[in-house]
K.L.:
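Shown below is the structure under consideration.
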Amino acid sequence: MTTNLIVGIDAGTSVVKAVAFTLDGKQIAVSSVRNTYKATPNGSATQSLSKTWDDCVAALKGLGEKIEDFQLRVVALSVTGQGDGTWLIDDDGLPVCDAWLWLDGRSAQTVDILNTQSSERQRFEKTGTGLSTCQQGVQLAHMACHYPHLLEKAKTAFHCKDWLYFNLTKVRATDPSEASFTFGDFRTRQYDDQVITSLGLSEYRDLLPDIIDGCETTHPLSAEAAELTGLKAGIPVSLAYVDMVMTALGAGVHTGQDNVACSVIGSTGVHMRSVSSDDVFLNDQCTGYVIALPIPGRVTQVQTNMASALNLDWLLNVASDLLKDFGCESSPNVMVDKVETWLQRAEEGQLLYHPYISDAGERGPFVNGRARASFTGLTYHHRFHDLVRAVVEGLGMAMRDCYESMGGTTQELRLSGGAVRSATLRKILSASVGADVCVSGREEAGAAGAAMMAAVAIGEYKSMDDCIAEWVTPLLGQIEKKDKALCDRYDVLFNAFYQQRLTLPDTWLAMEQLREHSKTHLQVNSSDKS
């Protein structure tokens with residue numbers, strides 16, 4: 001039991017995980033702590049900085065309880081976390097306020113204002129990233145106008161992983177990925193003054209921390225953090241890139257081949273292509289992200305659906321609630337286990353479903369906070385299994401919509417996420433984008449991606465490509481060939497999906513106005529009765 005270990009921390013929106021790996025990439029143990037955040041009707045979504053650090057400490061201590069000689073065996077640590085958002089600290093390193101998460105929607109009006117500026121296209125072409133309420137740049141611009149007292153108190157603007165890195169090492173820093181897609185140029189991986197000016201943040205430039213690359217630069221674990229976590233003081237700590245790109249790295253977005261893509265099918269959908277920074281396709285709609293990979297000259301083009309498997313969760317919850325009304329309890333696991341049967345029972349391509357089930361609307365490949373989900377083509381003869389099939393096909397159509405906005409389709413699609421355990425779901429996604437698929441066997445891809453950066457930083461591998469060859473490529477499953485007949489059918493379905501999607505914004509606006517009118521009417525009636 002003397003094998004050396006690297007620990008990867010992945011501080012997501014719902015869970016903080018600490019995962020131990022051997023130096024050649026074998027996963028040894030996982031410890032996790034549920035995350036908590038507060039959401040309010042005014043669109044805010046905030047998280048306590050101190051609680052997040054406490055949760056990270058608890059996850060690391062929990063990992064130590066599972067591994068013999070934990071303190072002696074861990075030789076490096078790396079941390080990634082949820083992207084975007086704003087985590088402000090003061091000169092003493094204390095939180096200014098709770099963090100504004102990527103889920104926070106208060107800056108929607110600021111997005112609209114910034115998008116009308118003449119410099120917006122120029123900003124987009126440097127960052128490769130469309131503006132949205134998720135991003136720190138927009139949130140800081142909104143704070144400058146509406147909450148200036150927060151920025152007056154602040155010394156540094158962190159992202160989630162940066163805050164944890166600060167607590168681990170006492171170093172104020174951020175990584176090239178989040179720095180460049182928010183405030184810089186993805187080609188140089190540095191801040192860009194023109195981008196910062198276009199966001200109206202020149203006055204607050206000093207809030208942005210230094211950029212370090214965790215494959216090249218580490219800092220020692222502080223004595224204070226070592227005492228709290230049960231690790232050895234002085235071991236190197238690597239600041240990894242943002243969790244989206246770490247998950248992609250661990251799941252196989254880049255293994256040296258061209259025309260390969262990676263999709264993570266979780267509550268949200270993340271769709272990524274690894275390309276040379278010279279070959280990035282910047283769409284006319286100014287949407288998506290370009291996020292640097294920890295590989296020289298390589299970036300990921302990214303589009304994210306606000307809701308992916310969340311659509312399926314919604315439909316299964318509808319069924320579960322109905323059964324409960326009749327005294328029949330059905331656990332989520334039982335419902336999920338039936339999905340494969342329902343998918344096989346239904347005929348393909350019978351219904352259209354636009355999967356915009358999130359209350360926040362959609363952000364990829366278009367941005368519209370009013371977007372809502374809908375079925376088209378229902379008849380009296382359709383049953384529940386047809387709805388399940390339509391929802392999954394809708395996820396495939398939305399995935400294709402995302403990939404086409406990044407410059408086309410792909411030859412091989414690598415899938416990650418709990419939903420892709422379904423063989424029929426994989427077949428549907430494969431035919432939707434017209435690509436062969438395979439599934440990554442890496443269970444904790446985000447933490448693995450972070451740990452891979454530490455492995456390179458401590459010299460275990462000469463390059464990230466060498467690390468990928470041992471940590472990633474062997475875990476890719478067998479290729480599942482696309483069904484060409486189903487591809488042809490889905491080409492027709494996608495054309496209908498896309499054409500209808502272009503017409504839906506007027507409907508979404510009308511429905512929002514109707515809801516607002518109803519809300520006002522209820523308030524007036526309530527006031528009259530009182």
K.L.:
Looking only at side-chain N and O atoms, does Gln139 offer a donor or acceptor that is under 3.5 Å from a partner on Ser107?
P.N.:
no

K.L.:
Are the side chains of Thr268 and Leu310 in touch, meaning some heavy atoms are under 4.5 Å apart?
P.N.:
no

K.L.:
With a sphere of 6.0 Å drawn around OH of Tyr498, does it hold more than 12 non-hydrogen atoms of other residues, nucleotides or ligands?
P.N.:
no

K.L.:
Can you check whether Gly83's main-chain N or O pairs, donor with acceptor, with Glu178's side chain at less than 3.5 Å?
P.N.:
no

K.L.:
Check the pair Ile89 / Phe158 against side-chain contact (heavy atoms from CB on, under 4.5 Å), numbers first and verdict last.
P.N.:
CA-CA 8 Å; Ile89 67 168; Phe158 280 149; 3.3 Å; yes

K.L.:
Within the supplied structure, the quantity of interest is the number of heavy atoms (other residues, nucleotides, ligands) at a distance under 6.0 Å from Glu125 CD; does it exceed 12?
P.N.:
yes

K.L.:
Tell me whether Arg400 forms a cation-pi arrangement with Phe494, defined as NZ or CZ under 6.0 Å from the six-membered ring centre and within 45 degrees of its axis.
P.N.:
yes

K.L.:
Counting only heavy atoms not in Glu443, do more than 12 fall under 6.0 Å of its CD?
P.N.:
no

K.L.:
Any donor and acceptor pair, going by atom type alone, linking the side chain of Ser177 with main-chain N or O of Val242 inside 3.5 Å?
P.N.:
yes

K.L.:
Go through the steps to decide whether Ser198 and Glu120 satisfy the test side-chain contact (heavy atoms from CB on, under 4.5 Å), and finish with yes or no.
P.N.:
CA-CA 7 Å; Ser198 72; Glu120 170 50 22; 5.8 Å; no

K.L.:
I'd like to check the side-chain contact (heavy atoms from CB on, under 4.5 Å) partners of Thr188; sequence neighbours left out, ordered by chain and number.
P.N.:
Asp185, Gln190

K.L.:
With distance as the sole test, does Ser78 use its side chain to make a donor-acceptor pair with the main-chain N or O of Ala450 at under 3.5 Å?
P.N.:
yes

K.L.:
Indicate whether any N or O donor in one side chain lies under 3.5 Å from an N or O acceptor in the other, for His219 and Thr169.
P.N.:
no

K.L.:
Within this structure, what is the CG-CG distance for the pair Asn115 and Leu131, rounded to the nearest 0.5 Å?
P.N.:
5.0 Å

K.L.:
If you measure from NZ on Lys17 to CD on Glu444, what distance do you get to the nearest 0.5 Å?
P.N.:
3.5 Å

K.L.:
Can you tell me if Ser274 and Arg298 form a side-chain donor-acceptor pair at under 3.5 Å?
P.N.:
yes

K.L.:
Do you know which two heavy atoms are closest between Ile211 and Arg189, and how far apart they sit?
P.N.:
CD1-O, 3.9 Å

K.L.:
Could you pull out the closest heavy-atom pair between Thr174 and Asp162, with the gap in Å?
P.N.:
OG1-OD2, 2.9 Å

K.L.:
Should Tyr241 and Phe181 be marked as a ring-ring contact (aromatic ring centres under 6.0 Å, His included) after you check the CA-CA gap, both sets of side-chain angles, and the distance that decides it?
P.N.:
CA-CA 12 Å; Tyr241 288 19; Phe181 80 63; over 10 Å; no

K.L.:
If you count the non-hydrogen atoms of other residues, nucleotides and ligands that lie under 6.0 Å from CD in Gln109, is the total more than 12?
P.N.:
no

K.L.:
Quick one: does NZ or CZ of Lys161 land under 6.0 Å from the six-membered ring centre of Tyr165, within 45 degrees of the ring axis?
P.N.:
no

K.L.:
Looking only at heavy atoms, which two atoms of Gly266 and Ser308 are closest? And how far apart?
P.N.:
O-CB, 3.5 Å

K.L.:
If you look at every heavy atom in Asp465 and Ile295, which pair is closest and at what distance?
P.N.:
OD1-CD1, 4.3 Å

K.L.:
Before you tell me yes or no, could you show the steps for Asp193 and Arg205 under salt bridge (charged side-chain N to carboxylate O under 4.0 Å, His left out), namely the whole-Å CA-CA distance, both residues' side-chain angles and the distance that decides it to 0.1 Å?
P.N.:
CA-CA 9 Å; Asp193 289 338; Arg205 171 67 174 78; 3.8 Å; yes

K.L.:
For Glu512, is there an ion pair with Arg515 - N to carboxylate O distance below 4.0 angstrom?
P.N.:
no

K.L.:
Can you tell if the side chain of Thr287 reaches within under 4.5 Å of the side chain of Arg363, non-hydrogen atoms only?
P.N.:
no

K.L.:
May I ask you to decide if the ring planes of Phe366 and Trp508 are parallel, tilted or perpendicular, using 30° and 60° as cut-offs?
P.N.:
parallel

K.L.:
Within the distance-only criterion (no hydrogens, no angle test), does the side chain of Asp92 pair as donor or acceptor with the backbone N or O of Leu94 below 3.5 angstrom?
P.N.:
no

K.L.:
Just by distance, no angles: are the side chains of Arg172 and Thr156 close enough, under 3.5 Å, to form a donor-acceptor pair?
P.N.:
yes

K.L.:
List in chain and number order the residues that pass ring-ring contact (aromatic ring centres under 6.0 Å, His included) with His142, two or more places apart in sequence or in another chain; answer none if no residue qualifies.
P.N.:
His146

K.L.:
Does Asp313 use its side chain to pair, donor to acceptor, with the backbone of Asn317 at less than 3.5 Å?
P.N.:
no

K.L.:
Carefully, step by step, assess His254 and Leu293 under the rule side-chain contact (heavy atoms from CB on, under 4.5 Å).
P.N.:
CA-CA 9 Å; His254 177 81; Leu293 276 166; 4.2 Å; yes

K.L.:
Which is it for Thr217 and Asp213 under the side chain to side chain donor-acceptor pair (under 3.5 Å) test, yes or no, and what are the steps along the way?
P.N.:
CA-CA 6 Å; Thr217 302; Asp213 191 317; over 6 Å; no

K.L.:
Step through it carefully: locate the ring centre of Trp100, locate the ring centre of Tyr147, and say whether they are under 6.0 Å apart.
P.N.:
yes

K.L.:
Without hydrogens or angle criteria, can the side chains of Ser44 and Thr46 be said to hold a donor-acceptor pair below 3.5 Å?
P.N.:
no

K.L.:
Verify whether one side chain among Ser202 and Thr197 offers a donor that lies under 3.5 Å from an acceptor in the other.
P.N.:
yes

K.L.:
Start with the C-alpha gap between Asp192 and Lys126, add the side-chain angles, then the distance that decides, and say whether salt bridge (charged side-chain N to carboxylate O under 4.0 Å, His left out) holds.
P.N.:
CA-CA 8 Å; Asp192 186 281; Lys126 289 204 171 191; 2.9 Å; yes

K.L.:
Where do Phe183 and Leu208 come nearest, in terms of heavy atoms and distance?
P.N.:
CE1-CD2, 3.6 Å

K.L.:
Between Arg123 and Thr129 (side chain of the first, backbone of the second, donor and acceptor by atom type, cut-off under 3.5 Å), is there such a pair?
P.N.:
yes

K.L.:
Going by atom types only, do Asn368 and Tyr356 share a side-chain donor-acceptor pair under 3.5 Å?
P.N.:
no

K.L.:
Would Asp98 and Lys38 count as a salt bridge (charged side-chain N to carboxylate O under 4.0 Å, His left out) if you check the C-alpha gap in whole Å, the side-chain angles of each, and the deciding distance to 0.1 Å?
P.N.:
CA-CA 10 Å; Asp98 283 352; Lys38 295 179 292 185; 3.4 Å; yes

K.L.:
Inspect the surroundings of NZ in Lys170 and state if more than 12 heavy atoms from other residues, nucleotides or ligands are less than 6.0 Å away.
P.N.:
yes

K.L.:
Would you say Asp210 has more than 12 foreign heavy atoms packed within less than 6.0 Å of its CG?
P.N.:
no

K.L.:
Walk me through it: do Asn35 and Gln82 pass the test side-chain contact (heavy atoms from CB on, under 4.5 Å)?
P.N.:
CA-CA 11 Å; Asn35 223 342; Gln82 55 176 290; 4.1 Å; yes

K.L.:
As a test of understanding, state which of Thr182, Asp84, Thr127 forms a side chain to side chain donor-acceptor pair (under 3.5 Å) with Tyr289.
P.N.:
Asp84

K.L.:
Whether the side chain of Gln117 engages the backbone of Ser119 through a donor-acceptor N/O pair (distance < 3.5 Å, no angle test) should be reported.
P.N.:
no

K.L.:
Is there a donor-acceptor contact under 3.5 Å linking the side chains of Gln47 and Thr52?
P.N.:
yes

K.L.:
Please report the shortest heavy-atom distance between Cys262 and Tyr403, naming the atom on each side.
P.N.:
O-OH, 3.1 Å

K.L.:
Taking side-chain contact (heavy atoms from CB on, under 4.5 Å) as the test, write out the residues that go with Asn167, two or more places apart.
P.N.:
Trp53, Trp163

K.L.:
Testing Asn305, Thr410, Thr300 one by one against His271 for a side chain to side chain donor-acceptor pair (under 3.5 Å), which residue passes?
P.N.:
Asn305

K.L.:
Could you tell me how the ring of Phe497 sits relative to the ring of His354: parallel (under 30°), tilted (30 to 60°) or perpendicular (over 60°)?
P.N.:
parallel

K.L.:
Check whether any side-chain heavy atom of Cys215 lies under 4.5 Å from a side-chain heavy atom of Met464, and answer yes or no.
P.N.:
yes

K.L.:
Are side-chain N/O atoms of Thr13 and Trp102 paired as donor and acceptor at under 3.5 Å?
P.N.:
yes

